[in-house]
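I have placed the structure first, in the form of structure tokens, so that the comments after it can refer back to it.
Along the sequence shown, residues carry numbers from 1.
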Amino acid sequence: METVVSGIRSTGNLHLGNYFGAVRNFVKMQHENNCYFFIADYHSLTTHPKPDDIHGNIRQVLAEYLACGIDPEVSTVFIQSDVPEVTELYLLLNMNAYVGELERTTSFKEKIRKHPDNINAGLLTYPVLMAADIIIHKANKVPVGKDQEQNLEMTRRFARRFNTIYGVDYFPEPDAYNFGMELIKIPGLDGTGKMGKSEGNGVFLADRPEDIRKKVMKAVTDTGPTAPGQEVTEPIRNLFTIMKAVSSPDTLAHFTEKYATAEIRYGDLKKQLAEDIIRFTDPVRTRINAILNDDAYLARVVKDGAEKARASAAKTIREVREIIGYRSF
Ligand code: TRP
């Protein structure tokens, strides 16, 4: 049984790509591991959200993960800012984190390039806070995508450095959780690349059926095959990939055949795809809304989650203070 920690961006409303990428696997792996899932709402302050937006975003994202099947009876589900112990570990780790190495991380350099007007110290030390999130529960595994690999490498480095400086074997160096072959990459509707929130090419789990129909009908296609056996272009391949994830094998076979014989009508394909996406997301959307309407349930989930997370975090902080040399009088 491994301890797994995963932070979730509080502005990251879930789209189909997230679902078939990580979230579906979180739901599975929670039964085989000791999982901590939390909404990273301290991290989100690096982009200066308005006070009025913060709570609503957290609530929405939390409801979406719960609706997908993250089970607070099985996993520890909490809000980062409900566990202030993490800020103490962050402070302690900052003393052994070097400005030079933080400045060299690609995500920091990227953010400087994109937001030259907001290069705050929180951005610089973002990997330190993330390391604190992870090692405060002495996690062995972190499910990370490509974009977070360097942050996980920094976490390993900070854990190792702590152990070296204090001559202890205290923090494990966490590895990437390997989902094996189960990650399905869902492309966007714009004809190129994967589905992403900032790309504006996504179908969200909370989207209403009429919005899904509109988005899918507007998906980029091509002029269509002019002869049987023609090679499939990227925008069409992408629609087939989404279809493979949400539609029945018969439907997929039907349209694959129509393409092969050059009889396909993209309008029909899109109509079917939209209905299949709706059939797939509808129960999730219903659950999201039911959860959002149940304040008492949400309050209970975050309270219980915070209690469990704080117990684990407080134990680590006690031990870390001892290791560093703080003693009570
Ligand atoms: N940096 C992660 C992201 O942008 C979010 C995150 C914060 C995280 N703390 C974490 C992920 C700890 C895994 C473990 O997606």
Practice prompt. State whether the side chain of Thr125 and the backbone N or O of Val128 hold a donor-acceptor pair below 3.5 Å, judged by distance alone.
Written response: no
Discussion item. I'd like to know if the side chain of Lys141 and the backbone of Val4 have a donor-acceptor N/O pair within less than 3.5 Å.
Written reply: no
Item to complete: Answer whether the closest heavy-atom distance between the side chains of Phe78 and Ile39 falls below 4.5 Å.
Response: no
Worksheet entry | Euclidean distance, Thr155 OG1 relative to Gln148 CD, rounded to 0.5 Å | 9.5 Å
Practice prompt. Side-chain contact test, heavy atoms from C-beta onward, threshold under 4.5 Å: evaluate it for Ile236 versus Leu269 and give yes or no.
Written response: no
Worksheet item: Any donor and acceptor pair, going by atom type alone, linking the side chain of Asn25 with main-chain N or O of Gly21 inside 3.5 Å?
Response: yes
Worksheet item: Taking C-beta and beyond as the side chain, do Tyr166 and Phe171 meet within less than 4.5 Å on heavy atoms?
Response: no
Worksheet item: Is there a side-chain contact between Phe204 and Lys215, using heavy atoms and a 4.5 Å cut-off?
Response: yes
Practice prompt. Verify whether one side chain among Lys197 and Asn13 offers a donor that lies under 3.5 Å from an acceptor in the other.
Written response: yes
Item to complete: Indicate whether the side chain of Ser10 and that of Asp41 have a donor and an acceptor atom separated by less than 3.5 Å.
Response: no
Response to the item:
Here the pair of heavy atoms bringing Leu62 nearest to Val77 is CD1-CG1, 3.7 Å
Worksheet, complete the sentence: When rounded to the nearest 0.5 Å, the distance separating OG of Ser247 from CZ of Phe255 is 8.5 Å
Worksheet item: Does Leu16 share a hydrophobic cluster with Phe240, counting links as ILVMFWY side-chain heavy atoms below 4.5 Å and allowing steps through other members?
Response: yes
Fill in: N-O pairing of Glu101 and Arg104 below 4.0 Å
no
Worksheet item: Just by modelled atom types, is the Ser44 backbone N or O under 3.5 Å from a matching donor or acceptor in the Thr47 side chain?
Response: yes
Worksheet entry | Full working for salt bridge (charged side-chain N to carboxylate O under 4.0 Å, His left out) between Glu307 and Arg310 | CA-CA 5 Å; Glu307 253 166 46; Arg310 288 195 77 174; over 6 Å; no
Discussion item. Any salt bridge linking Lys271 with Glu275? Criterion: basic side-chain nitrogen under 4.0 Å from a carboxylate oxygen.
Written reply: no
Worksheet item: With the threshold set at 4.0 Å, does a side-chain nitrogen-carboxylate oxygen contact exist between Arg113 and Glu110?
Response: yes
Discussion item. If you count heavy atoms of other groups shown closer than 6.0 angstrom to CG of Asp147, is the number above 12?
Written reply: yes
Practice prompt. Working to the nearest 0.5 Å, report the span between OH of Tyr36 and OG of Ser75.
Written response: 10.5 Å
Discussion item. Does this structure show an ion pair linking Asp294 with Arg287, if we count only N-O contacts that are shorter than 4.0 Å?
Written reply: no
Fill in: Full working for ring-ring contact (aromatic ring centres under 6.0 Å, His included) between Tyr177 and Phe179
CA-CA 6 Å; Tyr177 189 96; Phe179 288 123; 5.3 Å; yes
Discussion item. Within the structure provided, determine whether Met154 and Leu102 are in side-chain contact (heavy-atom separation under 4.5 Å).
Written reply: yes
Worksheet item: Does any N or O in the side chain of Thr316 come within less than 3.5 Å of the main-chain N or O of Ser312, such that one atom is a donor and the other an acceptor?
Response: yes
Worksheet entry | Within one Ile-Leu-Val-Met-Phe-Trp-Tyr cluster: Leu91 and Ile165, side-chain cutoff 4.5 Å | yes
Worksheet item: At their closest point, which heavy atom of Leu292 faces which heavy atom of Ala63, and how far apart are they?
Response: CD2-CB, 3.6 Å
Worksheet item: Does Glu73 CD have over 12 foreign heavy atoms under 6.0 Å away?
Response: no
Worksheet item: Do you know which two heavy atoms are closest between Gly196 and Asn201, and how far apart they sit?
Response: N-OD1, 3.0 Å
Discussion item. One thing to verify: whether Glu88 and Arg321 come together as a salt bridge, which I'm taking to mean a side-chain N less than 4.0 angstrom from a carboxylate O.
Written reply: yes
Fill in: Donor-acceptor contact below 3.5 Å, side chain Thr76 vs main chain Pro72
no
Worksheet item: Cationic tip of Lys111 within the cone over Tyr126's six-membered ring, i.e. under 6.0 Å and within 45° of the normal?
Response: yes
Worksheet item: Ile277 pairs by side-chain contact (heavy atoms from CB on, under 4.5 Å) with which of Val246, Asp207, Asp282?
Response: Val246
Discussion item. Could you report the tightest heavy-atom contact between Ala159 and Ile135, atom names first, then the distance?
Written reply: CB-CG2, 4.2 Å
Discussion item. Rounded to the nearest 0.5 Å, what separates atom CD1 in Ile58 from atom CZ in Phe38?
Written reply: 12.0 Å
Worksheet, complete the sentence: The reported gap from CD in Glu2 to SG in Cys35 (rounded to nearest 0.5 angstrom) is 10.0 Å
Item to complete: Could you tell me whether the side chains of Asp276 and Gln272 share a donor-acceptor contact shorter than 3.5 Å?
Response: yes
Worksheet entry | Cation over ring face, Lys138 and Tyr170, 6.0 Å, 45° | yes
Worksheet item: Is the shortest heavy-atom distance from the side chain of Ile186 to the side chain of Lys194 under 4.5 Å?
Response: no
Worksheet item: So, are Glu322 and Arg318 salt-bridged, with charged N and O less than 4.0 Å apart?
Response: no
Fill in: Within 6.0 Å of CZ in Arg279, more than 12 heavy atoms from elsewhere
yes
Discussion item. Let me check something: do Ile184 and Ile242 share a hydrophobic cluster, defined by ILVMFWY side-chain heavy atoms less than 4.5 Å apart, either directly or through other members?
Written reply: yes
Discussion item. Using every non-hydrogen atom in the two residues, find where Cys68 and Leu205 come nearest and quote the distance to one decimal.
Written reply: SG-CD1, 3.5 Å
Practice prompt. Could you grab the distance from atom OH of Tyr259 to atom CD1 of Ile264, nearest 0.5 Å is fine?
Written response: 8.0 Å
Discussion item. Are Tyr326 and Tyr90 linked, directly or through intermediate hydrophobic residues, by side-chain heavy-atom contacts shorter than 4.5 Å (ILVMFWY only)?
Written reply: yes
Item to complete: Taking the side chain as every heavy atom from C-beta outward, state whether Asp71 and Gln30 have any pair of such atoms under 4.5 Å apart.
Response: yes
Practice prompt. List the steps, then state whether side-chain contact (heavy atoms from CB on, under 4.5 Å) holds for Leu92 with Ile324.
Written response: CA-CA 9 Å; Leu92 298 171; Ile324 289 178; 4.0 Å; yes
Discussion item. Side chains of Asn18 and His15 only: does a donor on one sit below 3.5 Å from an acceptor on the other?
Written reply: yes
Worksheet item: Using 4.0 Å as the upper bound for N to carboxylate O, is an ion pair formed by Asp175 and Arg156?
Response: yes
Practice prompt. Return yes if a side-chain donor-acceptor contact under 3.5 Å exists between Asn57 and Gln60, otherwise no.
Written response: no
Discussion item. For residues Met95 and Leu89: do they belong to one hydrophobic cluster (side chain heavy atoms under 4.5 Å, members Ile, Leu, Val, Met, Phe, Trp, Tyr)?
Written reply: yes
Going by atom type alone, with no hydrogens or angles, which donor-acceptor pairs under 3.5 Å involve a side-chain atom of residues 228-235 and a protein atom two or more places apart or on another chain?
{"unit_1": "Gln230", "atom_1": "OE1", "unit_2": "Thr226", "atom_2": "N", "d": "3.1"}
{"unit_1": "Gln230", "atom_1": "OE1", "unit_2": "Thr226", "atom_2": "OG1", "d": "3.0"}
{"unit_1": "Gln230", "atom_1": "OE1", "unit_2": "Ala227", "atom_2": "N", "d": "3.1"}
{"unit_1": "Thr233", "atom_1": "OG1", "unit_2": "Asp222", "atom_2": "OD2", "d": "2.5"}
{"unit_1": "Glu234", "atom_1": "OE2", "unit_2": "Gly193", "atom_2": "N", "d": "3.4"}

Worksheet item: Between Tyr42 and Thr87, do the side chains contain an N or O donor and an N or O acceptor separated by less than 3.5 Å?
Response: no
Worksheet item: Does Asn140 use its side chain to pair, donor to acceptor, with the backbone of Thr3 at less than 3.5 Å?
Response: yes
Discussion item. Salt bridge or not between Glu153 and Arg157? Use side-chain N to carboxylate O under 4.0 Å.
Written reply: no
Practice prompt. Please examine the side chains of Pro187 and Met195, heavy atoms only from C-beta on, and report whether any two atoms are closer than 4.5 Å.
Written response: no
Response to the item:
In short, Ala306 meets Val83 closest at the heavy-atom pair O-CG2, 4.4 Å
Practice prompt. Evaluate the criterion side-chain contact (heavy atoms from CB on, under 4.5 Å) for residue pair Phe162 and Val168; output intermediate values, then yes/no.
Written response: CA-CA 8 Å; Phe162 180 95; Val168 289; 4.2 Å; yes
